[in-house]
Colleague: 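Before we start, here is the structure in question, set down as structure tokens.
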Amino acid sequence: MRRRGLREAAAGIALAVGIGLPAGVGLRADRAVAAEGSTPAPKGAAVYFQTPQDGQRVPRRFTVRIGLRDMGVAPAGVATAGTGHHHVLIDAEAPPAGEPIPADFNHIHLGNGQTEVELTLTPGRHTLQLVVGDHRHMPHQPPVQSPKITVTVY
């Protein structure tokens with residue numbers, strides 16, 4: 001399959017499972033979103049990994065289960081106070097304040113309101129972090145994000 005065909009196929013798969021789009025496909029309103037500002041986070045809101053745990057050894061394909069406290073979950077595009085949707089960052093940094101969470105293979109968007117996702121990673125050490133985004137994929141202020149954890153894929 002040609003390179004362009006692979007990108008289109010990946011975008012179709014990503015949309016089907018609700019994990020966001022690869023870089024360069026869709027979500028071109030990043031600058032407009034950033035200009036609108038950030039959504040306030042509910043007081044005491046926290047996101048955390050139920051599984052895996054920091055330092056855990058995991059198989060190539062494993063499930064990430066996400067916990068959220070003092071906040072609700074709503075799909076991307078649904079602007080409801082006190083809610084957001086999850087993003088899993090793989091070997092990546094959280095975006096700078098006031099910028100939307102990118103959509104690529106290192107920033108997995110759970111835009112349908114999912115609280116778990118299956119990941120397939122290459123063997124070796126990887127960092128994972130959770131970030132809750134508002135209806136426009138913007139981190140809340142203050143950010144609702146987990147500490148980074150490290151997993152070793154065998």
Colleague: With a 3.5 Å distance limit and no angle check, can you tell me whether H86 reaches the backbone of G113 through a side-chain donor-acceptor pair?
Modeller: no

Colleague: Where do D70 and K43 come nearest, in terms of heavy atoms and distance?
Modeller: CB-O, 4.0 Å

Colleague: Provide the closest heavy-atom pair for G67 versus Q50 in the form atom of the first, atom of the second, distance.
Modeller: N-CG, 3.9 Å

Colleague: Can you tell me how far CD1 of I90 sits from CG of L128, rounded to the nearest 0.5 angstrom?
Modeller: 6.5 Å

Colleague: Taking atom CD1 of I66 and atom CD of E116, what is their separation to the nearest 0.5 Å?
Modeller: 8.5 Å

Colleague: So do V73 and T83 actually touch side chain to side chain, heavy atoms under 4.5 Å?
Modeller: no

Colleague: Less than 4.5 Å apart, any side-chain heavy atom of P139 and any of P95?
Modeller: yes

Colleague: Nearest 0.5 Å, please: how far is CG in L68 from CG in L130?
Modeller: 9.5 Å

Colleague: Do the ring planes of H109 and H87 sit parallel (below 30°), tilted (30 to 60°) or perpendicular (above 60°)?
Modeller: perpendicular

Colleague: Atom CD of residue position E93 - does it have more than 12 heavy atoms of other residues, nucleotides or ligands inside 6.0 Å?
Modeller: no

Colleague: Between Q56 (side chain only) and Q53 (backbone N and O only), is there a donor and an acceptor less than 3.5 Å apart?
Modeller: yes

Colleague: Do the two ring centres, one from H85 and one from H135, sit under 6.0 Å apart?
Modeller: no

Colleague: Got a donor-acceptor contact below 3.5 angstrom from the N112 side chain to the Q114 backbone?
Modeller: no

Colleague: Taking the side chain as every heavy atom from C-beta outward, state whether H140 and V132 have any atom pair closer than 4.5 Å.
Modeller: yes

Colleague: Does the pair E118 and R65 meet the rule for a salt bridge (charged side-chain N to carboxylate O under 4.0 Å, His left out), with working shown?
Modeller: CA-CA 9 Å; E118 280 197 352; R65 289 189 176 85; over 6 Å; no

Colleague: For the residue pair R60 and T122, what are the closest heavy atoms and their distance?
Modeller: NH1-CA, 4.3 Å

Colleague: On a heavy-atom basis, which atom in P52 and which in V58 lie closest, and how many Å separate them?
Modeller: CB-CG1, 4.0 Å

Colleague: Would you give the length of the straight line joining atom NE2 of H107 to atom CD1 of I101, rounded to the nearest 0.5 angstrom?
Modeller: 8.0 Å

Colleague: First locate atom OG1 of T39, then atom CG of D134, and finally report the distance between them rounded to the nearest 0.5 Å.
Modeller: 3.5 Å

Colleague: Any side-chain heavy atom of P40 sitting closer than 4.5 Å to one from Q141?
Modeller: no

Colleague: Give me the atom names and distance for the closest heavy-atom approach of A41 to V144.
Modeller: CB-CG2, 3.6 Å

Colleague: To check you understand the geometry: which heavy-atom pair defines the closest contact between L121 and V153, and what is its length?
Modeller: O-CG1, 3.6 Å

Colleague: Is Q129 reaching over with its side chain to a backbone N or O of S146, donor-acceptor style, under 3.5 angstrom?
Modeller: yes

Colleague: Please step through side-chain contact (heavy atoms from CB on, under 4.5 Å) for the pair V88 and V117, ending with a clear verdict.
Modeller: CA-CA 9 Å; V88 181; V117 63; 4.2 Å; yes

Colleague: Any donor-acceptor pair under 3.5 Å linking the side chain of D91 with the backbone of T127?
Modeller: yes

Colleague: For the residue pair R125 and T152, confirm or rule out a side-chain donor-acceptor distance under 3.5 Å.
Modeller: no

Colleague: Does N106 use its side chain to pair, donor to acceptor, with the backbone of A92 at less than 3.5 Å?
Modeller: no

